[in-house]
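Counting starts at 1 for both ligands and their atoms, following the listed order.
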Amino acid sequence: MPAACSHLDAVTGVKHPRKRECEACVKIGASWVHLRTCQTCGVTLCCDSSPNRHASKHARAERHPVAASAESGERWLYCFVDDAFLEY
Ligand SMILES: [Zn+2]
Ligand SMILES: [Zn+2]
Ligand SMILES: [Zn+2]
């Protein structure tokens, strides 16, 4: 299956969450809806449906383009730069 962008193309092995929690929300005592794992550095953060949207903030601030869903049963990657999805 061809990738939708060069960032997704560059992912050779999917990084999975070390813990199923948003590392940034845990520090401030906040809650989250869904979790995403950054494919550049491996940090797990909360999705855009969560109040703090840590994953997309991280992607923009650190220029880490690709995150994977950290939800069990979901197997997809997302590129924040190109707004592209890839199932794996
Ligand atoms: Zn991309
Ligand atoms: Zn969070
Ligand atoms: Zn990262």
For the Zn ion (ligand 2): the N/O/S atom of H54 at shortest distance = ND1

Among the N/O/S atoms of H7, the Zn ion (ligand 1) lies closest to ND1

Take the angle between the ring planes of H64 and H58 and call it parallel below 30°, perpendicular above 60°, tilted in between.
-> perpendicular

Minimum heavy-atom distance between C22 and L35, given as atom pair plus value = N-CD2, 3.5 Å

Please work out the angle at the Zn ion (ligand 1) defined by atom OD2 of D82 on one side and atom SG of C79 on the other, rounded to 10°.
-> 110°

Check: V33 main-chain N/O paired with S50 side-chain donor or acceptor under 3.5 Å | yes

Is a salt bridge present between E71 and R20, judged by a nitrogen-to-oxygen distance below 4.0 Å?
-> no

min-distance N/O/S atom, H64 vs the Zn ion (ligand 3), resolves to ND1

So what does the H58 NE2 - the Zn ion (ligand 3) - C41 SG angle come to, to 10°?
-> 100°

Between C22 atom SG and C25 atom SG, the angle centred on the Zn ion (ligand 2) rounds (to 10°) to 110°

Under 30°, 30 to 60°, or over 60°: which ring-plane class applies to F85 and W76, parallel, tilted or perpendicular?
-> perpendicular

